[in-house]
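Before any comments, here is the structure.
Below, each value reflects all heavy atoms present in this structure, side chains not excepted, and no hydrogens, waters or symmetry copies. From a predicted model like this one, the values you see are computed outputs, not experimental measurements. For reference, positions follow the sequence shown, starting with 1.
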Amino acid sequence: MTLKIELLRGFAAVARSGNLSDAAGILGRTPSAVSMMLKQLETHLGEPLFETDRKNRLTALGAFVLEQAERELQQYDTMVKAIEGYAKATHGHVRIATVPSVAGTVMPLVFSRHISDFEHVDIELRDMDSISVLHELSRDRIDIGIATLGQNSSGLHSQPLLSDAFGVICTRNHPLAQERGKIDWDMLRDERLIANSLSVKHQCRTVPDPA
């Protein structure tokens, strides 16, 4: 006979309440049905679980079975709740990866405003560089990625969230420092630049200053 979860549930109810009647009320079964469940379990184990018919004192085996049964029942009930919650879209787990600047400034505001709307959703937040975010997305290791859109984003659904303008830093006596309007990439074409990887996608060709 396979040891069914309901046999363990019936035994645990009797062991906690100390009698068949109260256990039957908890389980929504008749006392005779609960008694039959106990007999099936004891037959399967080959040893009694209670010292007397009053069901108020456990044998050594009964105490051990109760400890194991309560652990298994808790795990089983948690699993069932998670499955049912997922089916109803009330429970879930969301993995988010974002660049550190967004993780430290934008995400705390988002969480503070909306976290109460998703009480039963576990949110896992990781910070990493943009290339790593796209890499994790392409391998389905995260559900949402917030990063600078690059050439490696083909095949991924994307939506612009925000943008920042590039700025130019130079010495006060540099000709560009006298500009009052917009500085475009053509104006930087012959300048020697110190730039980060985000500038690569602009394909701005730079020529070292002979001086």
Worksheet item: Would one find more than 12 heavy atoms of other residues, nucleotides or ligands at under 6.0 Å from atom CG of Leu109?
Response: yes

Worksheet entry | Heavy-atom pair with the smallest gap, counting every atom of Ala24 and Pro31 | CB-N, 3.7 Å

Worksheet item: Above 12 or not: heavy atoms from other molecules or residues under 6.0 Å from CZ of Arg57?
Response: no

Fill in: Within-4.5 Å side-chain heavy-atom neighbours: Lys182 and Met187
no

Worksheet entry | Residues, nucleotides or ligands: over 12 heavy atoms within 6.0 Å of Asp117 CG | yes

Response to the item:
Residue set satisfying side chain to side chain donor-acceptor pair (under 3.5 Å) with Glu124, at least two apart, ordered chain then number -> His93, Arg126

Worksheet item: Under 4.5 Å between side-chain heavy atoms, hopping through other hydrophobics if needed: is there a path connecting Ile183 to Ile169?
Response: no

Fill in: ring pair (Phe, Tyr, Trp, His ring centres under 6.0 Å) partners of residues 65-85, not counting sequence neighbours, each pair once
none

Worksheet item: By side chain to side chain donor-acceptor pair (under 3.5 Å), which residues pair with Asn56, not counting sequence neighbours?
Response: none

Fill in: Check against side-chain contact (heavy atoms from CB on, under 4.5 Å), Leu38 and Lys55
CA-CA 10 Å; Leu38 288 180; Lys55 311 302 182 186; 4.2 Å; yes

Fill in: Separation of Ile96 CD1 from Glu136 CD (nearest 0.5 Å)
14.5 Å

Fill in: Min side-chain heavy-atom separation Val94-Asp122 under 4.5 Å
no

Worksheet item: Distance-only, no hydrogens or angles: does the Thr148 side chain make a donor-acceptor pair with backbone N or O of Ser130 under 3.5 Å?
Response: no

Worksheet item: Roughly how far, to the nearest 0.5 Å, is the CD1 atom of Ile146 from the CD1 atom of Ile144?
Response: 7.5 Å

Worksheet item: Within a strict 4.5 Å, meaning less than it, do heavy atoms of the Leu188 and Leu176 side chains meet?
Response: yes

Discussion item. Hydrophobic cluster membership, with links at side-chain heavy-atom distances under 4.5 Å among I/L/V/M/F/W/Y: are Phe64 and Phe50 in one?
Written reply: no

Worksheet, complete the sentence: Distance col, row Ser132:OG vs Leu137:CG, nearest 0.5 angstrom, shows 11.0 Å

Fill in: His174 vs Glu191, side-chain contact (heavy atoms from CB on, under 4.5 Å): CA-CA, chis, key distance, verdict
CA-CA 11 Å; His174 193 282; Glu191 299 291 340; 3.2 Å; yes

Item to complete: Could you check if a side-chain atom of Val65 sits within less than 4.5 angstrom of a side-chain atom of Gln68, using non-hydrogen atoms only?
Response: no

Practice prompt. Could you go through the side-chain contact (heavy atoms from CB on, under 4.5 Å) check for Asp127 and Val99 one step at a time?
Written response: CA-CA 5 Å; Asp127 64 90; Val99 291; over 6 Å; no

Worksheet item: Distance-only, no hydrogens or angles: does the Gln40 side chain make a donor-acceptor pair with backbone N or O of Leu7 under 3.5 Å?
Response: no

Fill in: Flag if over 12 foreign heavy atoms under 6.0 Å of CD, Glu51
yes

Worksheet item: Thr78 side chain to Gln74 main-chain N or O, any donor-acceptor pair under 3.5 Å?
Response: yes

Discussion item. What I'd like to find out is whether the side chain of Arg16 reaches to under 4.5 Å of the side chain of Glu70, using heavy atoms alone.
Written reply: yes

Discussion item. Ignoring hydrogens and geometry beyond distance, is a side-chain donor-acceptor pair present between Asn173 and Thr171 at under 3.5 Å?
Written reply: yes

Worksheet item: Mind checking what makes side chain to side chain donor-acceptor pair (under 3.5 Å) contact with Arg172, not counting sequence neighbours?
Response: none

Worksheet item: For Asp143, what residues pass the salt bridge (Lys or Arg N to Asp or Glu O under 4.0 Å) criterion, not counting sequence neighbours?
Response: Arg95

Item to complete: Specify the closest pair of heavy atoms between Val133 and Gly145, including all atoms of both residues, with the distance to one decimal.
Response: CG1-CA, 3.6 Å

Item to complete: Indicate the atoms forming the closest heavy-atom contact of Pro108 with Ala103, along with that distance.
Response: CD-O, 3.3 Å

Worksheet item: Mind checking what makes side chain to side chain donor-acceptor pair (under 3.5 Å) contact with Thr30, not counting sequence neighbours?
Response: Ser32

Practice prompt. Could you tell me whether a side-chain N or O of Thr105 sits under 3.5 Å from a main-chain N or O of Ser101, the two making a donor and an acceptor?
Written response: yes

Worksheet item: What is the distance from atom CZ of Arg113 to atom CD1 of Ile115, rounded to the nearest 0.5 Å?
Response: 14.0 Å

Worksheet, complete the sentence: For Pro48 and Thr59, the nearest pair of non-hydrogen atoms, with its separation, is O-OG1, 2.9 Å

Worksheet entry | Salt bridge Arg9-Glu6, side-chain N to carboxylate O under 4.0 Å | yes

Fill in: Verdict with reasoning, Met107 to Val102, per side-chain contact (heavy atoms from CB on, under 4.5 Å)
CA-CA 6 Å; Met107 297 309 295; Val102 174; 4.1 Å; yes

Worksheet, complete the sentence: To the nearest 0.5 Å, atom CG of Leu20 lies from atom CE of Met36 at 12.0 Å

Worksheet item: When you measure from the side chain of Asp22 to the backbone N and O of Gly25, does any donor-acceptor pair fall under 3.5 Å?
Response: no

Discussion item. Count I, L, V, M, F, W, Y as connected when their side-chain heavy atoms are under 4.5 Å apart, and connections chain through other members. Are Ile26 and Phe11 then in the same cluster?
Written reply: no

Response to the item:
NZ (Lys4) and CE (Met37) are apart, to the nearest 0.5 Å, by 10.0 Å

Worksheet entry | Side-chain heavy-atom pair Val14, Asn19 within 4.5 angstrom cut-off | no

